[in-house]
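The block underneath contains the structure these notes are about, expressed in structure tokens.
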2 protein chains.
Amino acid sequence: MLNLHAIDATFRALAEPTRRAIVERLSLGPASVSDLARPFDMSLAAVVQHLQVLEECGLIRSEKQGRVRTCRIDPAGLGGIADWVAERRSLMERRFDRLAAILAEPDETPPDETPQT
Amino acid sequence: MLNLHAIDATFRALAEPTRRAIVERLSLGPASVSDLARPFDMSLAAVVQHLQVLEECGLIRSEKQGRVRTCRIDPAGLGGIADWVAERRSLMERRFDRLAAILAEPDETPPDETPQT
DNA sequence: ATAATAGTTTAGCAATGACTTGACTATTGA
DNA sequence: TCAATAGTCAAGTCATTGCTAAACTATTAT
């Protein structure tokens with residue numbers, strides 16, 4: 001129930017080149033907001049907004065001390081989509097296996113690979 | 001060159017619950033356009049548009065015979081994002097390992113885990 | 001031949017999303 | 001104390017996107 005919401009937010013967050021670049025940068029190590037903003041041709045405020053999106057979906061964490069906020073990757077954040085992809089693959093695999101079994105067994109009911117709803 | 005474009009399109013495609021649901025359905029086996037549309041509370045045309053997006057980014061393939069178009073997952077389609085996630089994780093790992101090595105070696109220069117740009 | 005099925009295409013609308021600007025707060029260095 | 005640095009917040013703008021409705025094509029069933 002939590003997860004279905006979370007996976008959606010995570011995919012949406014990563015569907016944006018800037019945010020993906022920020023995640024890429026942060027997987028090399030923590031950085032301040034200004035550090036993160038420097039490479040991009042946009043206002044600091046825009047980058048802050050991207051960081052909020054990334055933090056809300058759990059991809060990064062951050063804490064502020066003094067006037068500088070340090071952002072770092074949350075290692076668990078990518079888990080959701082990794083799991084989702086893995087599950088799709090495993091279900092595809094399972095289906096191929098069933099199909100292969102049927103093809104190897106030339107008797108029984110051989111037909112119709114497509115399961116209509 | 002192709003890949004950087006492709007990863008973007010793939011993430012954008014999956015950042016949409018309906019399209020993700022379609023991919024989930026198709027990882028169980030092929031289906032026609034109408035089959036795919038049935039569970040959703042939206043017009044057939046809308047689903048067709050989603051399918052176009054999914055096909056353009058290589059997540060699904062489809063061929064038409066007669067008046068029915070059969071859609072199936074392209075097993076390679078998820079590869080892009082799987083690789084991207086895996087690479088983030090590996091880079092994070094690598095960094096943790098370096099950090100652990102430094103902490104285990106109590107002499108040498110100990111400090112400063114954050115690499116400023 | 002007619003009608004029903006299956007899908008395609010286009011134009012348009014409403015909501016969302018990415019960005020900017022400008023004003024503002026809090027911390028740190030001179 | 002004054003000024004620069006680092007970040008935050010709130011509108012507002014502009015482009016993109018998800019959807020519908022409607023008109024259309026092609027195939028299959030009666």
Side-chain angles (χ1 to χ4, degrees), chain A residues 4-26 29-57 59-72 114-117, chain B residues 5-26 29-57 59-72 112 114-117:
Chain A
L4 302 177
H5 235 254
I7 192 100
D8 197 51
T10 306
F11 267 117
R12 271 214 312 274
L14 291 174
E16 221 286 347
T18 307
R19 283 195 292 260
R20 238 167 26 243
I22 290 175
V23 169
E24 287 168 8
R25 167 64 183 78
L26 285 179
S32 74
V33 173
S34 320
D35 283 345
L36 291 171
R38 205 175 335 275
F40 299 108
D41 187 23
M42 71 181 68
S43 73
L44 185 67
V47 173
V48 169
Q49 284 164 356
H50 282 308
L51 291 173
Q52 281 164 358
V53 172
L54 289 171
E55 189 149 22
E56 272 158 24
C57 77
L59 278 168
I60 72 174
R61 284 174 299 110
S62 75
E63 74 277 356
K64 194 170 179 175
Q65 51 191 3
R67 62 184 166 179
V68 40
R69 171 175 301 277
T70 301
C71 306
R72 60 191 72 241
T114 82
Q116 255 70 13
T117 315
Chain B
H5 237 255
I7 191 99
D8 198 51
T10 307
F11 268 116
R12 270 214 313 274
L14 291 174
E16 220 286 348
T18 307
R19 283 194 293 259
R20 239 167 25 244
I22 290 175
V23 170
E24 288 169 7
R25 167 64 183 80
L26 286 179
S32 74
V33 174
S34 320
D35 284 345
L36 292 171
R38 206 174 333 276
F40 299 108
D41 186 22
M42 72 180 66
S43 73
L44 185 67
V47 172
V48 168
Q49 284 163 359
H50 282 308
L51 291 173
Q52 281 165 356
V53 172
L54 289 171
E55 187 149 22
E56 271 158 25
C57 76
L59 278 168
I60 72 173
R61 285 174 297 110
S62 76
E63 74 277 358
K64 194 169 180 176
Q65 52 190 2
R67 61 184 165 178
V68 40
R69 173 174 300 276
T70 301
C71 305
R72 59 191 74 242
D112 204 3
T114 82
Q116 256 69 14
T117 316

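Quantities reported herein were computed from a predicted structural model and do not represent experimental measurements. In the text below, chain A, chain B and the rest are named by the order of the sequence lines, each starting its count at 1.
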Here the distance between atom P of D:dC9 and atom CG of A:Leu51, to the nearest Å, is 13 Å
In B/S/- notation (B base, S sugar-phosphate only, - none; protein heavy atoms under 4.0 Å), nucleotides 22-30 of chain D written 5' to 3' is -----BS--
Sorted by chain and number, sequence neighbours left out, side chain to side chain donor-acceptor pair (under 3.5 Å) with A:Arg61 holds for none
Out of C:dT8, C:dT21, D:dC19, minimum distance to the side chain of B:Val48 belongs to C:dT8
Here the distance between atom P of D:dC19 and atom CZ of B:Phe40, to the nearest Å, is 10 Å
Atom CD of A:Glu56 and atom P of C:dG17 are separated, to the nearest Å, by 11 Å
Query raised in the report: Given C:dG17, is OP1 or OP2 found less than 4.0 Å from the side-chain N or O atoms of A:His50?
Result: no
A:Gln52 meets the side chain to side chain donor-acceptor pair (under 3.5 Å) criterion, sequence neighbours left out, with none
With sequence neighbours left out, the residues meeting side chain to side chain contact (heavy atoms under 4.5 Å, CB included) with A:Arg12 are A:Asp8, B:Ala15
The side chain to side chain donor-acceptor pair (under 3.5 Å) partners of A:Glu56 (sequence neighbours excluded) come to none
Which of B:Leu26, B:Ile22, B:Leu14, B:Val53 passes side-chain contact (heavy atoms from CB on, under 4.5 Å) with B:Leu59? It is B:Leu14
Whole-Å distance, A:Asp8 CG to C:dT16 P, equals 13 Å
Residues in residues 10-18 of chain A with a heavy atom under 4.0 Å of DNA chain D, by number, are none
B:Thr10 meets the side chain to side chain donor-acceptor pair (under 3.5 Å) criterion, sequence neighbours left out, with none
Rounded to whole Å, CD of B:Gln52 lies from P of C:dT9 at a distance of 6 Å
The answer to which of A:Ser43 and B:Gln49 contacts DNA chain C further toward the 5' end, by nearest nucleotide, is B:Gln49
Contacts satisfying side-chain hydrogen bond (donor to acceptor under 3.5 Å, both in side chains) that involve residues 40-51 of chain A (not counting sequence neighbours) are A:Arg19-A:His50
| Backbone of A:Ser62 reached by a side-chain donor or acceptor of A:Glu55 within 3.5 Å | yes
Here the distance between atom C1' of D:dG18 and atom CZ of B:Arg19, to the nearest Å, is 8 Å
In whole angstroms, the gap separating P of D:dT8 from NZ of A:Lys64 amounts to 5 Å
For A:Met42 and A:Ala46 the tightest heavy-atom approach is SD-CB, 3.7 Å
Whole-Å distance, A:Met42 CE to C:dC19 P, equals 4 Å
